[in-house]
J.: 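Attaching a single structure in structure tokens format; questions to follow.
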Amino acid sequence: MKLKFYFILFFLAALHIRGQVTLEVTEVKETRVNQRFNLSIMLQISGENMQQETPLRLPDLSKFDIVGTASEQNTVVLDARKGEIINQMVYQFVLSPKQAGKIKIGSVLVTVNGKIYKTEPFEMTVRESEKIAAAPDPVIDENVYLNMEIRDRSVYKNEPTVAVLRAYSRDYGSFRKVRNIQFPQQKNVRIQPVSLNKPEIETRSGLASQVLAVFLIFPSESGSIDITPATASIARSTKEKIVSNSVRLNVKKLPAGMPADFKNAVGNFEVSLVKNDPATVPEIDQPVNVTVKLSGAGNLRSVRMPKLLSSENYVFYKPTITSNTRAEEDKLFGTITADYVVIPKKPGPINVLLENFSYFNPEDQNYVELGPQSLALDVKTHQQVLDAKSTLERVNDYTNNVLETVNTPVLQTQNLKVKNPKKIDWKIVFLNLGILVAAVSLFLLFRRKWNQRKPALVEAYKPIMTVAETEEIIKRNLQYNFSDGIEYLKFLSKNNESAKFFETYQDMVLKIKEKFNAANETDFRKILAEKFGQSAAEEYRLISEKVKIEKYSPLQTQESLTKLGEDIAVLFQKIAF
């Protein structure tokens, strides 16, 4: 009897453990060739002792084109008393069948706590696509898809995460027609573009893709946040906009132990308090320029700057805030400066005090306090400043004061201010002497030539030529300077003059082909391979494709032209000199 009782308990416990892992897949019974459909896989693991040991092992999807992928993770606490936690991961695939017929989708496998869980395989029927009469001017909006990918879906409040907007299409020309890319706008997140440079088009399983934009997302609230989809428009399309997928962020609260002077800063920062003109002696009741500088990487656009503290020794006015930031890779770098005007009210040594500043470092997951900051000033009275000056400096100050304050209708007083005496600049003296000696030498040489001048011989007239013939002779005698062409490309890319940039590149290609007597593109590549190796020919082919893509790109930026100009310069340094 006892053995039966223990067996029943063991069986129930086994059922309970089995129920802690759920693996399901959405079944699609019927679709058509080249018609997109969503395949969703849900993995649910309950219990803190349950560990997923392997990633999901997907079935063979070679008979489908994978248009896009995405995943969402939700963590839900069901019972605070028991502490039971459910981790749910949803994987979504956008697939398109390549051929008609019966297609079997196999099992999805995962290993949790040493045990393998799998889904049941199923079959789907793929029918031939419907035949549609070709339009005279086909639109491509139904062949371009947007997909937004987020690198890290679990971040702290105000910690940035990288988002990539990618376009998918079967037609290379479709990417040139993408227009008006709009980033998601919502109150609980802030968007900071990182790069609008479009890299090379990637191709996989007959489907091409290209990155349209990379941007940073700064969540300003904790909890689960749904990011609004990005949008774009297609030239000559019947649809107004194409829309990307929506993604979800799990924004974690900042940990406990927050300092009292925490300024909502998340990242890695430094604070400095300096006097702008160290050589100027601070004088009582006279303004002193003081700057507070916050530098580093993090949420610089939303951080609260530390302020000067009030004191009976000085007064200050509202500062002027300037920001200089740049987005690189996965962080926002830069500096924010606050320029104060401080007026000392007491002679002698005083300290200008700054609020304490602390920030949260997400890499180390701890708070950092920078401690108190202060600026020491040795304030002098007006008489002390005068006593420290020489007699000549006092006369100059008095003269300048008269010229600035007394209204003289004839003289321009601003141009008559007497400058303080300085040391003799011997460089200027020797430079003037050199100019004088050179002028005298030229005068004597010119005079000698004039005295020795003889009547000039009358040359015979040359045959008269037309302007066109003269220009042709000059062009034949002149040789194209590729160094000037490379420098001109750099100048055009710096000024973002894309039309002249591509025109100059085509001229350089024609000149280099004429130099090697290449009749066409194929002969030119063979000549490059024979003279400089196959790598040079392959480099020229890649640059030619980049030029074509960038020339018809909807978003041409200075950075992309600069990078393309550098690649062209490297190539022509190899083959033109």
Side-chain angles (χ1 to χ4, degrees), residues 274-283 286 288-289 291 322 324 337 339 385-459 462 470-471 473-497 500-501 504 507-508 511 558 561-562 565-566 568-570 572-574 576-577:
V274 296
K275 180 172 171 285
N276 289 355
D277 190 2
T280 304
V281 178
E283 187 176 344
Q286 295 297 322
V288 178
N289 295 323
T291 297
T322 57
N324 183 15
T337 58
D339 295 321
V385 173
L386 292 179
D387 293 341
K389 292 183 178 181
S390 63
T391 305
L392 183 58
E393 288 176 337
R394 294 183 195 177
V395 173
N396 290 341
D397 291 342
Y398 178 76
T399 306
N400 292 334
N401 185 42
V402 171
L403 292 174
E404 288 177 349
T405 56
V406 177
N407 186 15
T408 55
V410 177
L411 301 178
Q412 294 183 358
T413 58
Q414 292 294 331
N415 297 331
L416 294 176
K417 294 176 63 175
V418 181
K419 297 182 180 180
N420 291 329
K422 297 181 179 179
K423 295 181 179 179
I424 298 177
D425 194 342
W426 292 105
K427 292 183 180 179
I428 297 178
V429 174
F430 288 124
L431 178 62
N432 293 333
L433 289 176
I435 294 174
L436 180 61
V437 172
V440 173
S441 301
L442 288 175
F443 174 75
L444 295 177
L445 180 62
F446 177 76
R447 185 176 179 181
R448 179 181 298 178
K449 292 291 183 182
W450 178 266
N451 294 332
Q452 297 177 356
R453 200 171 107 180
K454 296 179 180 180
L457 297 177
V458 179
E459 297 182 358
K462 295 182 179 180
T470 306
E471 289 181 351
I473 293 174
I474 293 175
K475 288 182 179 178
R476 287 198 304 267
N477 294 334
L478 290 178
Q479 190 173 11
Y480 187 83
N481 193 329
F482 289 97
S483 298
D484 293 343
I486 293 173
E487 294 299 324
Y488 189 51
L489 280 181
K490 294 180 180 179
F491 172 80
L492 294 176
S493 63
K494 182 179 180 181
N495 292 275
N496 202 19
E497 298 182 17
K500 293 184 180 180
F501 179 92
T504 304
D507 291 340
M508 293 177 65
K511 295 298 181 182
Q558 179 182 349
L561 286 181
T562 302
E566 293 174 354
I568 294 173
V570 172
F572 274 81
Q573 290 288 348
K574 295 180 181 178
F577 299 98

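Predicted, not measured: the structure shown is a model, and the values here were computed from it.
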J.: If I compare all heavy atoms of Ile568 with all of Phe501, which pair ends up nearest, and what's the gap?
T.: CD1-CZ, 4.2 Å

J.: Would you name the heavy atoms of Val288 and Pro282 that are closest together and state the gap between them?
T.: CG2-CB, 4.2 Å

J.: Taking all non-hydrogen atoms of both residues into account, name the closest pair between Ala569 and Ile486 and its distance.
T.: CB-CG2, 3.5 Å

J.: Give, for atom OG1 of Thr337 and atom CG of Asn324, the distance between the pair rounded to the nearest 0.5 Å.
T.: 8.5 Å

J.: Work out which heavy atom in Phe482 is nearest to a heavy atom in Met508; give both atom names and the distance.
T.: CE2-O, 3.7 Å

J.: Can you check whether Val570 reaches Lys574 side chain to side chain, under 4.5 Å on heavy atoms?
T.: yes

J.: Measure the spacing between OG1 of Thr322 and CG of Asp339 and express it to the nearest 0.5 Å.
T.: 5.5 Å

J.: CG/Leu489 to CG/Asp484 distance, rounded to the nearest 0.5 angstrom?
T.: 11.0 Å

